[in-house]
Participant: 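Right, I'll just put the structure down here and ask away after.
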Amino acid sequence: MNNIGKQIKMLRMRRGATQEAMARHFGITPQAISKWECGSSVPDIGLLPDLSAYFGVSIDDLFSISDETRMERIQNMLYDVRFINSADAENERTFLLEKAYREPGNSEPHEMLANLELHLAQEHNARAEDYALEAMRRNPHSSYAWTALSHAMGGKHVDPRNNTHNALIAHYKDFIKNNPDFLSGYAWLIAQLIDDNRLKEAQTYCTLMAQQGSGYFVTVQKIKLALAKRDIDTAKMLWEQMGQDYPENWSVHHWIGDFQAQTRDYTSAKESYRRSISLLPVPRFSDPIDSLAQVCEMDGDILGAIEARQLELEISEKEWGDTSGESVESILREIARLKKQL
C-alpha cells in the first residue's frame, strides 16, 4: 500500500467513517475509496483541498509525501499543464513558501515559486491575447486592444520609452558588481543594453567579461555587439572563426544560425540549424529545431516550418516520452497555426 493510501485509511478510521460514508460525502463510489487505500489509484489533485478539509489536516499531512516527490510533482505540473487550477496553484505556493522558510539556505523553493508565477503570468497573457484579438475584431481602431495584444505576446510598444529595461539593467549591474566572475550575468546585462541601444555600456561590459573568461560564449557577446553596431563584416568573421574552432559543438552552430537569421541570410541559417540538430546528443533538445521552424516561417517556407515542428513532435514523443500534456499540445497548436497559412 502506498503512503497516500495508508494515510487516507488511517484518517478515515480515526474519523470513524466507513468507505461508503466517505464516498457519499465526495460523490464518488466506495470502490474509488478502496482503490486509494489499497494503492491501486490515487485521488485526483483537484480533491486535495476537500480531502484536507474533510479530515481536518494540511495537504502535506494528508498525503505524507516527501518534499523531493512534491517538488518533482510541481515541476511536472509546470511543464505539462497549460492552465493550472487556481486551488492547485495556491496549494503549491503555500508549500514552497513554507519550505523556503524552513530551509533559508536553499534557493530551489524560490526558483520554483518564480517559475510558478511566470507560468501563471503566461496563462494570463494567453487569455489576454484572446480578449485583445476579439476586441480588435470588434473595433480595429481600439488603441487599448493593440497595446494589450503587444504586451500579451511580448511585442514592442509603439512608444520607445515603454520598451526600456532600466530597472532590470540596474539589477544586473548590481549583481555583476558583487559576482564579477559569473559570465552569464554579463551576457544577460549585455542583451538588455543592446536592446536599449546603450552600445557604449554594452562594449564596456563585453570588455569586462573577456577579462574574466574566454571561450565561444564570450565571442557570442562580441558578435551581438558587432551586429548592433551594424558591423556585419566583423560579426561574420567572428562567427566563421567560432564555427572553425568548435566544429562539433551543436550550441555554437545554433548561435551561428541565429546570427545569420538576424542578417536575413535565411538559407545559411537553415543550414546552420540543421547542422546543430545533427550534432545534438540523444535525447535531443528542441532549441535548434524551434529556431529552424521560426526561420523557415520568416523565409516564407511554411512547409519547412511544419516539417521542423513535426520533427520536434517526434522527438518529444519518442526520445523524451512525452505523449500528452502541454509540451505536446503546444507543438500541435503550432502545426495547426502553420497549416492555416498554406
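This chain uses plain numbering: 1 for the first residue, then up along the sequence.
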Participant: Identify whether F259 and L199 are in the same connected component of the hydrophobic contact network (ILVMFWY, side-chain heavy atoms under 4.5 Å).
Facilitator: yes
Participant: How far does CD of Q7 sit from CH2 of W36, to the nearest 0.5 angstrom?
Facilitator: 14.0 Å
Participant: Is a donor on one side and an acceptor on the other found under 3.5 Å between the side chain of E37 and the backbone of K6?
Facilitator: no
Participant: Should the pair R12 and F55 be classed as cation-pi, given the thresholds of under 6.0 Å to the six-membered ring centre and 45° from the axis?
Facilitator: no
Participant: Looking at N91 and P49, what are the two nearest heavy atoms and their distance?
Facilitator: ND2-CG, 3.6 Å
Participant: With the 4.5 Å side-chain cut-off for hydrophobic clustering, are L338 and L303 part of the same group?
Facilitator: yes
Participant: Would you sort out whether R275 and E248 count as a salt bridge (Lys or Arg N to Asp or Glu O under 4.0 Å), showing the intermediate values?
Facilitator: CA-CA 9 Å; R275 171 66 174 160; E248 302 301 315; 3.2 Å; yes
Participant: Do the side chain of S286 and the main chain of I289 share a donor and acceptor less than 3.5 angstrom apart?
Facilitator: no
Participant: Should the pair D231-K229 be classified as a salt bridge under the 4.0 Å nitrogen-to-oxygen rule?
Facilitator: no
Participant: Check whether any side-chain N or O of D265 sits under 3.5 Å from a backbone N or O of Q260 as a donor-acceptor pair, and report yes or no.
Facilitator: no
Participant: Judged by atom type as modelled, is there a donor-acceptor pair below 3.5 Å linking the side chain of W239 to the main-chain atoms of G257?
Facilitator: no
Participant: Measure the shortest side-chain to side-chain distance between I315 and P283 over non-hydrogen atoms and say whether it is less than 4.5 angstrom.
Facilitator: no
Participant: Between H254 and S291, which heavy-atom pair has the shortest distance, and what is it?
Facilitator: NE2-OG, 2.8 Å
Participant: What's the verdict on side-chain contact (heavy atoms from CB on, under 4.5 Å) for I169 and L193, showing C-alpha distance, side-chain angles and the deciding distance?
Facilitator: CA-CA 7 Å; I169 285 170; L193 290 169; 3.8 Å; yes
Participant: Using modelled atom types only, decide if a donor and an acceptor are shared between the side chain of T94 and the backbone of E90 within a distance under 3.5 Å.
Facilitator: yes
Participant: Can you measure from CG (D290) to CD (Q294) and round to the nearest 0.5 angstrom?
Facilitator: 4.5 Å
Participant: Would you please name every residue forming a ring-ring contact (aromatic ring centres under 6.0 Å, His included) with Y131, sequence neighbours left out?
Facilitator: none
Participant: Would you call R138-E134 a salt bridge at under 4.0 Å N-O?
Facilitator: yes
Participant: Is a salt bridge present between R337 and E297, judged by a nitrogen-to-oxygen distance below 4.0 Å?
Facilitator: yes
Participant: Could you work out the complete set of other residues in the hydrophobic cluster of M136, with links drawn between I, L, V, M, F, W and Y side chains under 4.5 Å apart?
Facilitator: L133, W146, L149, M153
Participant: Return the minimal non-hydrogen interatomic distance between I194 and A228, and the atom names on each side.
Facilitator: CG2-CB, 3.7 Å
Participant: Would you please name every residue forming a side chain to side chain donor-acceptor pair (under 3.5 Å) with K156, sequence neighbours left out?
Facilitator: D195
Participant: Determine whether more than 12 heavy atoms belonging to other residues, nucleotides or ligands lie under 6.0 Å from atom NZ of K35.
Facilitator: no
Participant: Ignoring hydrogens and angles, tell me if any N or O in the side chain of D174 forms a donor-acceptor pair with the backbone of A170 under 3.5 Å.
Facilitator: no
Participant: Starting at CD of E271, measure out to CG of L292 and round the result to the nearest 0.5 Å.
Facilitator: 11.5 Å
Participant: Distance from C296 atom SG to I302 atom CD1, nearest 0.5 Å?
Facilitator: 9.0 Å
Participant: Do M242 and I232 sit in one hydrophobic cluster, given that two such residues count as connected whenever their side-chain heavy atoms are within less than 4.5 Å of each other, even indirectly?
Facilitator: yes
Participant: I would like to know whether V295 and D258 meet side-chain contact (heavy atoms from CB on, under 4.5 Å); could you show each step before the answer?
Facilitator: CA-CA 9 Å; V295 81; D258 286 348; over 6 Å; no
Participant: Are there over 12 heavy-atom neighbours, none belonging to M13, within less than 6.0 Å of that residue's CE?
Facilitator: no
Participant: Side chain to side chain contact (heavy atoms under 4.5 Å, CB included) with K318: which residues, sequence neighbours excluded?
Facilitator: E314
Participant: Using 4.0 Å as the upper bound for N to carboxylate O, is an ion pair formed by E92 and K99?
Facilitator: no
Participant: Roughly how far, to the nearest 0.5 Å, is CD1 of I74 from CD1 of I84?
Facilitator: 9.5 Å
Participant: I'd like to know whether OH of Y144 has more than 12 heavy-atom contacts from other residues, nucleotides or ligands below 6.0 angstrom.
Facilitator: no
Participant: Count the heavy atoms belonging to other residues, nucleotides or ligands that lie under 6.0 Å from CD of Q341, then report whether that count exceeds 12.
Facilitator: yes
Participant: Let me check something: any side-chain donor-acceptor pairs from residues 209-225 under 3.5 Å, sequence neighbours excluded? List them with distances.
Facilitator:
{"from": "Y216", "atom 1": "OH", "to": "S251", "atom 2": "OG", "distance (Å)": "3.4"}
{"from": "Q221", "atom 1": "NE2", "to": "F217", "atom 2": "O", "distance (Å)": "3.1"}

Participant: According to a hydrophobic-cluster definition based on side-chain heavy atoms being under 4.5 Å apart (Ile, Leu, Val, Met, Phe, Trp, Tyr only), do W320 and I335 belong together?
Facilitator: no
Participant: Would you say the side-chain atoms of D301 and Y266 include a donor-acceptor pair closer than 3.5 Å?
Facilitator: no
Participant: Could you tell me whether Y186 and Y172 have their ring centroids closer than 6.0 angstrom?
Facilitator: no
Participant: Between L116 and F83, is there shared hydrophobic-cluster membership here, with clusters defined by ILVMFWY side-chain heavy atoms closer than 4.5 Å?
Facilitator: no
Participant: Taking side chain as C-beta onward, heavy atoms only, is Q122 less than 4.5 Å from R82?
Facilitator: no
Participant: Are any side-chain N or O atoms of H119 and backbone N or O atoms of L78, one a donor and one an acceptor, separated by less than 3.5 Å?
Facilitator: yes
Participant: How long is the gap from CD1 on I8 to CD on Q19, to the nearest 0.5 Å?
Facilitator: 10.5 Å
Participant: Check whether the side chains of R198 and N166 place a donor and an acceptor atom closer than 3.5 Å, and report yes or no.
Facilitator: yes
Participant: Output yes when R333 and E326 qualify as a salt bridge under the 4.0 Å nitrogen-oxygen rule, no when they do not.
Facilitator: yes
Participant: Within the 3.5 Å criterion, strictly below it, is a donor on N125 or E129 matched to an acceptor on the partner's side chain?
Facilitator: no
Participant: Whether the side chain of N85 engages the backbone of D88 through a donor-acceptor N/O pair (distance < 3.5 Å, no angle test) should be reported.
Facilitator: yes
Participant: What's the verdict on side-chain contact (heavy atoms from CB on, under 4.5 Å) for M237 and D233, showing C-alpha distance, side-chain angles and the deciding distance?
Facilitator: CA-CA 6 Å; M237 178 191 69; D233 291 339; over 6 Å; no
Participant: Over all heavy atoms of both residues, which pair between I331 and R309 is shortest? Give the atoms and the distance, please.
Facilitator: CG2-O, 3.4 Å
Participant: Of the non-hydrogen atoms in S324 and S327, which two are nearest, and what is the gap between them?
Facilitator: O-OG, 4.0 Å
Participant: Under 3.5 Å, side chain of T147 to main-chain N/O of S143, donor-acceptor pair present?
Facilitator: yes
Participant: Closer than 3.5 angstrom, by distance alone: can the side chain of N163 be matched with the main-chain N or O of H157 as a donor-acceptor pair?
Facilitator: yes
Participant: For F285, is the CZ atom crowded, meaning more than 12 foreign heavy atoms sit under 6.0 Å from it?
Facilitator: no
Participant: With a 4.5 Å heavy-atom cut-off, do V328 and D80 have their side chains touching?
Facilitator: no
Participant: Using a cut-off of 6.0 Å, state whether more than 12 heavy atoms not belonging to Q203 lie near its atom CD.
Facilitator: yes
Participant: Given side-chain contact (heavy atoms from CB on, under 4.5 Å), test K236 with T263 step by step and report yes or no.
Facilitator: CA-CA 10 Å; K236 187 174 182 180; T263 58; over 6 Å; no
Participant: Which pairs of donor and acceptor atoms, one on a side chain in residues 104-111, lie under 3.5 Å apart (sequence neighbours left out)?
Facilitator:
{"from": "N106", "atom 1": "OD1", "to": "E108", "atom 2": "N", "distance (Å)": "2.9"}
{"from": "N106", "atom 1": "ND2", "to": "E103", "atom 2": "OE1", "distance (Å)": "2.8"}
{"from": "S107", "atom 1": "OG", "to": "E111", "atom 2": "OE2", "distance (Å)": "2.8"}

Participant: Taking all heavy atoms of H253 and all of N249, pick out the closest pair and write down the distance.
Facilitator: CD2-O, 3.2 Å
